[in-house]
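Residue numbering restarts at 1 for every chain, and letters A, B, ... go by the order of the sequence lines. Side chains included, hydrogens not; waters and symmetry mates left out as well; all remaining heavy atoms used. Quick caveat: nothing in here was measured; it's all calculated off a predicted structure.
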Protein chains: 2
Amino acid sequence: MAVGLGPLPILHPVPGFELGIASAGIKRPGRKDVVVMRCAEGSTVAGVFTLNAFCAAPVILAKQRVQGTVRYLLTNTGNANAGTGEPGLQAAAHTCARLAELAGIDEGAVLPFSTGVIGEPLPVEKIEAALPAALADLKVDNWAVAAEGIMTTDTLPKGASRQFVHDGVTVTVTGISKGAGMIRPNMATMLGYIATDARVVQPVLQDLLRDAANKSFNRITIDGDTSTNDCCMLVATGQAALPEIREAKGELFAKLKQAVFEVSMEVAQAIVRDGEGATKFVTVQVNGGATHQECLDVGYAVAHSPLIKTALFASDPNWGRILAAVGRAGVPQLDVSRIDVFLGEVCIARQGGRAPTYTEEQGAAVMAEAEIGIRIELGRGDCRETIWTTDLSHEYVKINAEYRT
Amino acid sequence: MAVGLGPLPILHPVPGFELGIASAGIKRPGRKDVVVMRCAEGSTVAGVFTLNAFCAAPVILAKQRVQGTVRYLLTNTGNANAGTGEPGLQAAAHTCARLAELAGIDEGAVLPFSTGVIGEPLPVEKIEAALPAALADLKVDNWAVAAEGIMTTDTLPKGASRQFVHDGVTVTVTGISKGAGMIRPNMATMLGYIATDARVVQPVLQDLLRDAANKSFNRITIDGDTSTNDCCMLVATGQAALPEIREAKGELFAKLKQAVFEVSMEVAQAIVRDGEGATKFVTVQVNGGATHQECLDVGYAVAHSPLIKTALFASDPNWGRILAAVGRAGVPQLDVSRIDVFLGEVCIARQGGRAPTYTEEQGAAVMAEAEIGIRIELGRGDCRETIWTTDLSHEYVKINAEYRT
């Protein structure tokens, strides 16, 4: 039931970044569930990770190792290796060590990523048995297959790609993501991998990724449940024949930033479009806040309200529920008489009450669409924030009531 | 689908407190939807009200008027008179003035309460036309009929009653409540009315109500959506032949406090048991917190998680979702290796990981019950908090997708 999400667009290969996919049969025999990514020597790598205190074993390891030299990213689906304690850490380290052995590199240069059921022991042997096939499969034009290989409850693979030209040299930014439930990334995201052939020093790359994630992955929510396994990685292979980017300024950096932002946004929104049971893609825009935080508080109060989400599913312009959510968002000294609310372009509430011009037919027309905008004008300042979310459907309950059985 | 909620218990009349019910046909012809309550002269009245910034017109008026002499409480269902701006305030004042005129009292002594759809104009004429019948119906033994008269999406009426004897005099505390959706009371509740024939000075009564609400109404959540119309009132008619309670101490006060707490708890939990689409009654207990607030943060993160709520609906002991919610609750420097989680009496997670003794069969046995306890031991201090909530079922989506249509 993905909303406005078609087949994958063309995903341009990134020189210096290869992907290999194999099947370890973790949840189902034959399913692609192991993805290995190889970064060319000299690549810089940045990562942002979940702030969930129960972060998974692979997240703990990847966070430590991203500080050093990174050559391989090893991802499995079907098992999150979260809530698994010390044995989970050992299991993650073990699979990395085996990959390092096969590739003839230092084991600290392999970063692990896992997604799937929480609390089950990682099937180390199955994963290790699949590594040779994944390594043999490594190639630069494998992005589309890898996008499928990292899926769990996703119904469609997610990817985006941009190219720009600088001083006659083409630079590529390509990314893929997965995720459909347990989605409220916090300073990170579900699994996302973005690579570019630009050459960027690590601190600049890290800041760039953080900025991009804060405007894309960190602004989406499906169910408000921050995952234990969120990670987003940005790899710069440096294979493009252009000078190294050493500072966050200049024309080349600006072009790269634009491309990274666009790819991040497209794959982040793809996660929402494929949200569990989603029948609507909803943009919640909060303008006129005194602070960014209060805009976010209002936006998330609206985006997480089960009453609003079920009304969206029913295409019911139940604007009273929107006002109620704004009112409970905890904004200090909120003057409701300054608040306007728009559904698409239709003003539904003016100065805190029903807009005099509003008719139910206008609201119903907007709600009938698959893509819906809710805009809240707080009238308190100049800050603004945008969040993307989904509705709450019968299918959502079905998926999550039946996920493990 | 109410969970563990039977027919109303015996609701003892409270001398000095009469209730009258009538039908104004606000949503459906013939439905009991107007309730008038009369407090004997000399009664003291306390109230707690929603902290939603978009509080409804009747809440604004009732908050002001509860400071003065209160003689009548006027409740309508089917229309919340919220998000209605200045005309809404005038409409609420108008119905109160009409009741005052009929009763021959000052209009400031009438407090209005409304519940139902947000954003529609209050049908003032229909309500006013029903007032004579409601007044004619006033009697002390009308609690059960009034409990039905204040229902909206509730499937069963809710009430509780306690009596105690002090110095040979019987004192009664009786209360009713309504609510099944848009339930996360914040320093107040959905509509709740409690009366006693004890004589209590207003400041003591107000503190008593606030304490009772903080342990009962303010600890329940169905969907996390704080209503615009929450109110809970406590009336002390002073008809019992006992000394006036002037301070929050002594044996009489202790007995009264106990009775008020028990009635509050019973009618608050009844709201959860009758939660929209509820098939489970869930007690979330968080112990060992360094502060009460962090216990509440963890408790609400669990109680509001759609992933946990759908797992509860499916009777699936998906404990990984519980750990994930605890981990994202925002507790500073949370050491997950100190956390134990229990489902009923079964330890499912020990020191942050799956408990070695845990088997899926043990968890499934607890989850198969209609009443489920989730206990989280944080191991950080001595604070503890308890919250009551429901599961998230297909029926919940159905009810809220179809509520207005």
>> Rounded at 0.5 Å granularity, tell me how far CD1 in Ile118(A) sits from CZ in Arg321(B).
In response: 8.5 Å
> Only one of Asn400(B), Ile222(B), Asp223(B) clears side chain to side chain contact (heavy atoms under 4.5 Å, CB included) with Pro306(A); which?
Replying inline: Asp223(B)
> Which heavy-atom pair separates Phe313(A) from Ala401(B) by the least distance, and what is that distance?
Replying inline: CD2-CB, 4.1 Å
> To the nearest 0.5 Å, what is the distance between CD (Gln351(A)) and CD (Glu86(B))?
Replying inline: 12.0 Å
> Relative to chain A, which of Asp225(B), Thr310(B), Val336(B) shows the most heavy atom pairs under 4.5 Å?
Replying inline: Asp225(B)
> Ala82(B) versus chain A, heavy atoms under 4.5 Å apart: side chain, backbone, both or neither?
Replying inline: neither
>> Taking side chain as everything from C-beta outward and backbone as N, CA, C, O, which of these in Ile339(A) sits under 4.5 Å from a heavy atom of chain B? Side chain, backbone, both or neither.
In response: side chain
>> Out of Ser315(B), Gly327(B), Gly88(B), Ala311(B), return the one with the most heavy atom pairs under 4.5 angstrom to chain A.
In response: Gly327(B)
> Of all heavy-atom pairs between Leu323(A) and Phe54(B), which one has the smallest distance, and what is that distance?
Replying inline: O-CD1, 2.9 Å
>> Test your reading of the model: is there a side-chain donor-acceptor pair from Asn52(B) to the backbone of Ala324(A), 3.5 Å cut-off?
In response: yes
> Most heavy-atom pairs under 4.5 angstrom with chain B, which of Arg354(A), His304(A), His394(A)?
Replying inline: His394(A)
>> For chain B, which candidate among Gly85(A), Gly353(A), Gly119(A) shows the most heavy-atom pairs at distances under 4.5 Å?
In response: Gly119(A)
>> Heavy-atom pairs under 4.5 Å with chain A: which of Ala301(B), Pro87(B), Ser305(B) has the most?
In response: Ser305(B)
> Of the listed residues (Asp335(A), Thr84(A), Val397(A), Thr228(A)), which shares the most heavy-atom pairs with chain B below a 4.5 Å separation?
Replying inline: Val397(A)
